[in-house]
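Notes follow the structure.
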Amino acid sequence: MAPAAEDHSLSTPLLSSDHHHPHVVLTVHDQSDPPESTSVSDSNSQALFQPRDEDRHNPFAFIGASDGFEVPGSSTIDPFRNHTPSIEGLYEWLKILICLPLAAVRLVLFGLCLAVGYLATLLALHGWKDKQNPMPRWRCRLMWITRFCARAILFSFGYHWIKRRGKPAPREIAPIVVSNHVSYIEPIFFFYELFPTIVSSESHDSMPFVGTIIRAMQVIYVDRFSRSSRKHAVNEIKRKASCNQFPRVLLFPEGTTSNGRVIISFQLGAFIPGYPVQPVVVRYPYVHFDQSWGNIALAKLMFRMFTQFHNFMEIEYLPLVSPHENRKENAHHFAQRTGHVIASALNVAQTSHSYGDFMLLARAAESKQENPSLYMVEMAWVQSNLHLRVLEAIEFLEIFLSMNPDRSGHVEFHDFLRALKLKPCGLSEKMFGFIDVQKIGKITFKQFLLGSAHILKQPLFHHACELAFSECDMNGKNYILKQELQDAVSLTVPNLNYDEIHGPFSLFDMDNDGKISKDDFISCLRRHPLLIALFAPKLLQRSSSIATQSLVQEVF
C-alpha cells in the first residue's frame, strides 16, 4: 500500500477508473479572492442578489441594505421657533394700546422713506447698463439717499439707537462679511452701514420696491436648487471679492433666518473662494417680544415692531477668520471654524439643521400638523451622509403625510400599508419592521426618510430596478401590463387577486395610460424605494439561474 500511496499527489484522483470516464471538476471561487471584473452585468449578477441566512428578516438584504440603519436621535431644538408668536400679558396689551397712535405715525414714516429711497434708487440706476462692472462713484453717491432712508426705516421700526462693538475691517483686508441671520432687519442695517454686494434668491428681484433697491447693490442671484446656478454664484463671489472696486460681499451663510438661539449649518458659498472673512454677530435682546422671523407672519411681526416703545439691537464685528496658509483647508472646515467663532460669540449651540429643515417645517405646517417641528430631520447631516437632496426629502414628507400621522408624528402599520397600496402579509410586515428600528409598532418621519434613503442610495438599487423591469416585461415590449405586475408581485404577496393589484399598479402607472413604461417603473421605485422588495424573488430567481448557467460552463 505504501508504494501506491507515494504515487498519489494532491491532483491525483482518489478513485481510479479503468474505463477512462471524464471527471467532473468544479472550480470554487473563494470569497477572499473576488472575480477580476466588478462591473454590474448579467455575467456576474449571481454575486449580487444573495441574502445571507442572518438577513432573512431583512427584505432589502438582497441589494446590500443593512438592517438597523443609523437613525440619530431627534433634536429637541427648533431653531425657527419664534418664542412670542402671540400677545400675552397685561403689560404687552397695554403697551400696544398706548403705541397704536405711534404705530400709525411710524407706518407713514416707513412708507415715505421707502418711496423716497425707491425714487433715489431709480435715479441712480437710470441709464446704467454695464452692471458687470462696479457702479460709478456718482451713482454710489446718489445711493446715499437710499441708505439714509434705510436708517430712517429702522427708526420707524423702533430701532432708535443700535449698539455697536468693534469696527468693520477695511475692504482690502476682509472682502467678505458673514453674519448670523435672525430677522429681515439685518439686511436693512447692513445696506445702510456697508452698502455691500449681497447674494440673494432670484425670487427677490420681483418684489415691489425692494427688488429695485437690491439690484442697486449689484446683487448676485442664486437658485439654491440648481447646481449650475450655485456654481455661477460662487464664481461671482470670487470675482467681486477679488476686485477692490466692488463693494465687499455680504452673505448670511445659514441661508435662512433662525431665532438666534442656535447657529444652523453654514452653506459654503462664502468660503469656497478662500478669502478672509469678517464674522459679524447680531443680537436682539428682549423680554416681552421676540423679533426673530420664524414661524410668524411678516405683517404680524411688523405690527409688533411698530407697537413697541423701543426695539433693541446689537452689532458686534469679530476678528477676521482666514483660511489656513500652512495647509490646504477645504471650504467645509473653513465654514465650520467660522461657525464656531460666531456660535461662541453668541454663546449658543451649533446644530445640523439647514434651510431644508425650514422647508420641511413649512410643508408640515401647511398640512395642519399639530407640531410641525417633529418633521425636521437636521437636513445638513442627511445631505452629508446620505447625499439626499432637499427636494427628495420633501417628496418623502408628502408620502409620509399621506399616511395620516398622529399628533405625535407617528404612523401605524395599517396607515403605512394604505399609502403604499399594499395588503397585510409577511413581506409588508418585514418592510414596516425594517423602518421601525425601535420596534414599537410605529414609525416617525425621520425613520421613514432615513430608511428610504438608505435603500435608495445602495449601489445596487438602480441596477435592481432595471433588472426588475426586464423580468416583469415578459415579451420585451418595453412596458408592463397589470397581469404581468400581478404575476411578479404574487411571488411575494400571496393570494393577490386581480382587484388587489390595482393599488400597486396605480402607483407604478404614473402617467395613467394603463401600462407601466420603464420610466414610470423606475420613477415610482425612486419615489417609493421600499417597493423594490416586491421584486426580490424575481431577482433572486434570475441570480440563481445565472449562477447555474455559470456552474455548467465550468463543468468539463
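Quantities reported herein were computed from a predicted structural model and do not represent experimental measurements.
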Fill in: side-chain contact (heavy atoms from CB on, under 4.5 Å) evaluation trace for Ile237 with Tyr275
CA-CA 10 Å; Ile237 292 170; Tyr275 290 103; over 6 Å; no

Worksheet item: Mind checking whether Thr492 and Phe535 have side chains closer than 4.5 Å, heavy atoms only?
Response: no

Discussion item. Using every non-hydrogen atom in the two residues, find where Asp223 and Ser229 come nearest and quote the distance to one decimal.
Written reply: N-OG, 2.7 Å

Item to complete: Kindly assign one of parallel, tilted or perpendicular to the pair Phe225 and Tyr355, based on the angle between their ring planes and the thresholds 30° and 60°.
Response: tilted

Worksheet item: What's the spacing between Phe334 CZ and Ile272 CD1 if we round to 0.5 Å?
Response: 11.5 Å

Discussion item. Within a 6.0 Å radius of atom NZ on Lys423, are there more than 12 heavy atoms belonging to other residues, nucleotides or ligands?
Written reply: yes

Worksheet entry | Ser384 side chain vs Ala380 backbone, donor-acceptor pair below 3.5 Å | no

Fill in: Contact check, side chains of Lys457 and Leu388, non-hydrogen atoms, under 4.5 Å
yes

Worksheet item: Rounded to the nearest 0.5 Å, how far apart are CG of Leu485 and CG of Asp473?
Response: 12.0 Å

Worksheet item: Atom CD1 in Ile516, atom CG in Leu507: separation rounded to 0.5 Å?
Response: 9.5 Å

Discussion item. Test your reading of the model: is there a side-chain donor-acceptor pair from Lys300 to the backbone of Pro85, 3.5 Å cut-off?
Written reply: yes

Item to complete: List the steps, then state whether salt bridge (charged side-chain N to carboxylate O under 4.0 Å, His left out) holds for Glu484 with Lys477.
Response: CA-CA 12 Å; Glu484 292 173 323; Lys477 54 191 178 301; 2.5 Å; yes

Discussion item. Given 3.5 Å as the limit, does a donor-acceptor pair link the side chain of Glu429 with the main chain of Gly426, or not?
Written reply: no

Item to complete: Would you check if His502 and Lys421 make a side-chain contact, meaning some heavy-atom pair closer than 4.5 Å?
Response: no

Worksheet item: Between Asn497 and Ile501, is there a donor-acceptor pair closer than 3.5 Å when you use the side chain of the first and the backbone of the second?
Response: no

Practice prompt. Mark yes or no for whether Asp357, through its side chain, and Ser354, through its backbone, hold a donor-acceptor pair below 3.5 Å.
Written response: yes

Discussion item. Ignoring hydrogens, what is the shortest heavy-atom contact between Lys439 and Gly433? Give both atom names and the distance.
Written reply: NZ-O, 2.5 Å

Worksheet item: Would a distance-only check, ignoring hydrogens and angles, find a side-chain to backbone donor-acceptor pair under 3.5 Å from Arg407 to Gln369?
Response: no

Fill in: Side chain proximity check, Phe396 to Pro529, heavy atoms < 4.5 angstrom
yes

Item to complete: Kindly say whether Gln350 contributes a backbone atom to a donor-acceptor pair with the side chain of His340 at under 3.5 angstrom?
Response: no

Worksheet item: What's the spacing between Arg261 CZ and Arg81 CZ if we round to 0.5 Å?
Response: 7.5 Å

Response to the item:
Of all heavy-atom pairs linking Arg337 and Val321, the shortest is NH1-CG1, 3.8 Å

Discussion item. I'd like to know whether Asn180 forms a side-chain contact (heavy atoms from CB on, under 4.5 Å) with Glu254, so could you lay out the CA-CA distance, the side-chain angles of the two residues, the decisive distance to 0.1 Å, and finally the verdict.
Written reply: CA-CA 7 Å; Asn180 63 312; Glu254 292 174 288; 3.7 Å; yes

Discussion item. For Ile176 and Leu250: C-alpha separation, side-chain torsions, deciding distance, then whether side-chain contact (heavy atoms from CB on, under 4.5 Å) applies.
Written reply: CA-CA 6 Å; Ile176 298 177; Leu250 168 69; over 6 Å; no

Worksheet entry | CA sep, side-chain torsions, deciding dist, call: Arg230, His232, side-chain hydrogen bond (donor to acceptor under 3.5 Å, both in side chains) | CA-CA 5 Å; Arg230 295 196 304 269; His232 173 73; over 6 Å; no

Worksheet item: Is Thr84 reaching over with its side chain to a backbone N or O of Asp290, donor-acceptor style, under 3.5 angstrom?
Response: yes

Practice prompt. State whether a side-chain donor-acceptor pair under 3.5 Å links Ser517 with Asp519.
Written response: no

Discussion item. Can you give me the closest heavy-atom contact between Leu491 and Pro537, atom names plus distance?
Written reply: CB-CB, 3.9 Å

Fill in: Gln383 and His387: CA distance, side-chain angles, deciding distance, side-chain hydrogen bond (donor to acceptor under 3.5 Å, both in side chains) verdict
CA-CA 4 Å; Gln383 289 178 288; His387 309 290; over 6 Å; no

Worksheet item: More than 12 non-hydrogen atoms from neighbouring residues, nucleotides or ligands closer than 6.0 Å to NE2 on His332, yes or no?
Response: no

Practice prompt. Considering only NZ, NE, NH1 and NH2 on the basic side and carboxylate oxygens on the acidic side, decide whether Arg418 and Asp415 come within less than 4.0 Å.
Written response: yes

Worksheet item: Which distance, rounded to the nearest 0.5 Å, do you find between the CE of Met431 and the CZ of Phe416?
Response: 5.0 Å

Worksheet item: If you look at every heavy atom in Gln447 and Asp436, which pair is closest and at what distance?
Response: OE1-CA, 4.4 Å

Worksheet item: Within the distance-only criterion (no hydrogens, no angle test), does the side chain of Asn82 pair as donor or acceptor with the backbone N or O of Gly294 below 3.5 angstrom?
Response: no

Fill in: Intermediate values then yes/no, side-chain contact (heavy atoms from CB on, under 4.5 Å), Phe252 and Val182
CA-CA 10 Å; Phe252 300 104; Val182 180; over 6 Å; no

Discussion item. Are Phe271 and Pro253 packed together at the side-chain level, in the sense that at least one heavy-atom pair is separated by less than 4.5 angstrom?
Written reply: yes

Practice prompt. Could you tell me whether the side chain of Asn330 reaches within less than 4.5 Å of the side chain of His333, counting heavy atoms only?
Written response: yes

Worksheet entry | Backbone of Leu467 reached by a side-chain donor or acceptor of Ser470 within 3.5 Å | yes

Worksheet entry | Value rounded to 0.5 Å, distance of CD in Gln486 from CG in Leu481 | 12.0 Å

Worksheet entry | Minimum side-chain heavy-atom gap Val377-Phe445 below 4.5 Å | yes

Discussion item. Ignoring hydrogens, what is the shortest heavy-atom contact between Ala364 and Tyr375? Give both atom names and the distance.
Written reply: CB-CD1, 3.6 Å

Worksheet entry | Test item: Leu539 and Phe62 side chains (from C-beta on) under 4.5 Å apart, heavy atoms | yes

